[in-house]
Asker: 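Right, I'll just put the structure down here and ask away after.
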There are 2 protein chains.
Amino acid sequence: MKLTSKGRYAVMALVDLARFNSINPVSLRDISLRQGISLDYLEQIFFKLRKKEIVQSVRGNQGGYVLNKKAKEIKLTNIFDAVDEKVKTVQCKKDSKKGCNGKSTKCLTHNLWDELENHINDFFEKKSLEDLVKENTERRI
Amino acid sequence: MKLTSKGRYAVMALVDLARFNSINPVSLRDISLRQGISLDYLEQIFFKLRKKEIVQSVRGNQGGYVLNKKAKEIKLTNIFDAVDEKVKTVQCKKDSKKGCNGKSTKCLTHNLWDELENHINDFFEKKSLEDLVKENTERRI
DNA sequence: TGATACTTGACTATTTTAGTCGGGTTTATA
DNA sequence: TATAAACCCGACTAAAATAGTCAAGTATCA
Ligand code: FES
Ligand code: FES
């Protein structure tokens, strides 16, 4: 059960972006250098973030990205959703009537994993980008 | 972020085992048939469970496995630990001073993932095998 | 008219997962 | 005592997912 780099990087990059919450857009090159994330990979990630309207792009020289909403309104859930970092605990198709291995009923542990999934999602639901930035206010990179 | 089959199967199999909490050992063949899990795979899993003293084996004809502790005392944590289903949210070596990409400090999100890891482990710490069996008492397979 | 930076799609090496396979050993019971 | 049921154990592998790279653009500012 592990978090993938895509999700981790997405959050890292957005926290970085939110800290430089100025009028000027932040370029991926800067984020790449500061956070040590491959530029090409960041581009993939921001492509998705833009499609979900979490960030806005500013093209051209001196361009970059800015947040499209207030940091307070961006929850971890939104970020993870945007980059397809899903929490998946069950094996069966969640909404189908069928169980794990194509069985006709749900398996013995289905409810448990469902609970777990909710438990994890609660965490993501509660944390906003603003919270994360605040927690890092005193620290320097 | 997903749960692997190994962990899922380990719990499924133990719930099955605990339900037939009789004097007679339960054979992996039976569990395999009831739960639709490959027998060979189950053997791998139970080898680990035995090494961590969660189950005991009874060899020979009519043999099988029995719980080695009371169902109440077996937490999800113990099961996951036994089968090496670890929760891993950070990228860095957890106890090293170094950060994600060999950087000298922890990254912006390190604390967040640490919190998440604790949040998830809390869940596993609270659930015992007994709880799971109880929740399934009325249901039939 | 550069240079900078975003845009997009395709491709790939590596790692992990979810098993399979094959050959044991032990023990109850007919 | 033979035999079959069941555990024991190591090695191997196909498929999927991950974590990127690469290449070829397009837009805009200075
Ligand atoms: S996880 Fe849904 S039926 Fe097994
Ligand atoms: S996750 Fe620990 S430093 Fe990035």
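Heavy-atom basis, side chains included; hydrogens, waters and symmetry copies ignored. Naming convention: chains lettered A, B, ... in sequence-line order (proteins, then strands); numbering from 1 in each chain.
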Asker: Using side-chain heavy atoms (C-beta onward) and a distance below 4.5 Å, is A/Glu85 in contact with A/Val11?
Answerer: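 No. Closest side-chain heavy atoms not under 4.5 Å.
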
Asker: Within the sub-3.5 Å range, which N or O atoms of nucleotides 27-30 of chain D have a protein N or O partner, and how far apart are they?
Answerer:
from	atom 1	to	atom 2	distance (Å)
D/dA27	O4'	A/Arg59	NE	3.1
D/dA27	O4'	A/Arg59	NH2	3.3
D/dT28	O2	A/Asn61	N	3.3

Asker: Report all side-chain donor-acceptor pairs from residues 50-60 of chain A shorter than 3.5 Å, counting only partners two or more places apart or in another chain.
Answerer:
none

Asker: Run the salt bridge (Lys or Arg N to Asp or Glu O under 4.0 Å) test against B/Asp40 and tell me which residues pass, sequence neighbours left out.
Answerer: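 B/Asp40: no salt bridge (Lys or Arg N to Asp or Glu O under 4.0 Å) contacts found.
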
Asker: To the nearest angstrom, how far is B/Gln56 atom CD from D/dA6 atom C1'?
Answerer: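 Roughly 16 Å, once rounded to whole Å.
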
Asker: Does A/Ser5 place a side-chain N or O at less than 4.0 Å from the phosphate oxygens OP1/OP2 of D/dA19?
Answerer: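 Yes.
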
Asker: Listed by chain and number, what are the side chain to side chain donor-acceptor pair (under 3.5 Å) partners of A/Ser27, not counting sequence neighbours?
Answerer: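 Expected list: none.
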
Asker: Any idea which of D/dA6, D/dA19, C/dC6 is nearest the B/Arg29 side chain?
Answerer: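 Looking only at side-chain atoms, B/Arg29 lies closest to D/dA6.
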
Asker: Report the distance from atom CG of B/Asp84 to atom P of C/dA18, rounded to the nearest whole Å.
Answerer: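 Computing the B/Asp84:CG to C/dA18:P distance gives 13 Å.
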
Asker: Taking the side chain from B/Ser32 and the backbone from B/Ile37, do they hold a donor-acceptor pair closer than 3.5 Å?
Answerer: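 It does hold such a pair.
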
Asker: Between A/Asp30 and A/Met1, name the one whose nearest nucleotide on DNA chain C is closer to the 5' end.
Answerer: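 Comparing both residues, the 5'-ward one is A/Asp30.
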
Asker: Provide, to the nearest angstrom, the distance between the NZ atom belonging to B/Lys86 and the P atom belonging to C/dT15.
Answerer: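 Roughly 16 Å, once rounded to whole Å.
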
Asker: As a test of understanding, state which of A/Val66, A/Leu17, A/Leu67 forms a side-chain contact (heavy atoms from CB on, under 4.5 Å) with A/Pro25.
Answerer: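 One option only clears the test, and that one is A/Val66.
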
Asker: Of the options D/dC7, D/dT18, C/dC6, whose atoms approach the side-chain atoms of A/Leu28 most closely?
Answerer: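 Output: C/dC6.
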
Asker: Let me have the donor-acceptor pairs involving side chains of residues 116-129 of chain B, under 3.5 Å, with sequence neighbours excluded, atom names and distances please.
Answerer:
from	atom 1	to	atom 2	distance (Å)
B/Glu117	OE1	B/Thr89	N	3.2
B/Glu117	OE1	B/Thr89	OG1	2.7
B/Glu117	OE2	B/Lys94	NZ	3.4
B/Asn118	ND2	B/Asp114	O	3.4
B/His119	NE2	A/His119	O	2.8
B/His119	NE2	A/His119	NE2	3.3
B/Asn121	ND2	B/Glu117	O	3.2
B/Glu125	OE1	B/Thr77	OG1	3.4
B/Lys127	NZ	A/Glu115	OE1	3.1
B/Lys127	NZ	A/Glu115	OE2	3.4
B/Lys127	NZ	B/Glu135	OE2	3.0
B/Ser128	OG	B/Glu130	N	3.3
B/Ser128	OG	B/Asp131	N	3.3
B/Ser128	OG	B/Asp131	OD2	3.3

Asker: How long is the line joining CD of B/Gln91 and P of D/dT18, in whole Å?
Answerer: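 Roughly 14 Å, once rounded to whole Å.
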
Asker: Where along residues 37-51 of chain A does a heavy atom fall under 4.0 Å from DNA chain D?
Answerer: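 Those residues whose heavy atoms fall under 4.0 Å from DNA chain D, taken from residues 37-51 of chain A in numerical order, are A/Ser38, A/Asp40, A/Tyr41, A/Gln44.
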
Asker: I need the OH-P distance between A/Tyr9 and D/dT18, as an integer number of Å.
Answerer: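 In whole Å, D/dT18 P and A/Tyr9 OH are 14 Å from each other.
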
Asker: Is the ring pair A/Trp113/B/Phe80 parallel, tilted or perpendicular, if the boundaries are 30 and 60 degrees?
Answerer: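 Parallel, since the angle between the ring planes stays under 30°.
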
Asker: 5'-most contact on DNA chain D: B/Val26 or A/Leu3, nearest heavy atom basis?
Answerer: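 Whichever sits nearer the 5' end wins; that is B/Val26.
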
Asker: With a cut-off of less than 4.0 Å, is there a side-chain N or O of A/Ser57 near OP1 or OP2 of C/dC6?
Answerer: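 Negative; the distance criterion is not met.
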
Asker: Decide yes or no for B/Leu108 and A/Arg19: does some side-chain heavy atom of the first lie under 4.5 Å from some side-chain heavy atom of the second?
Answerer: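 Heavy-atom side-chain distance check passes, below 4.5 Å.
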
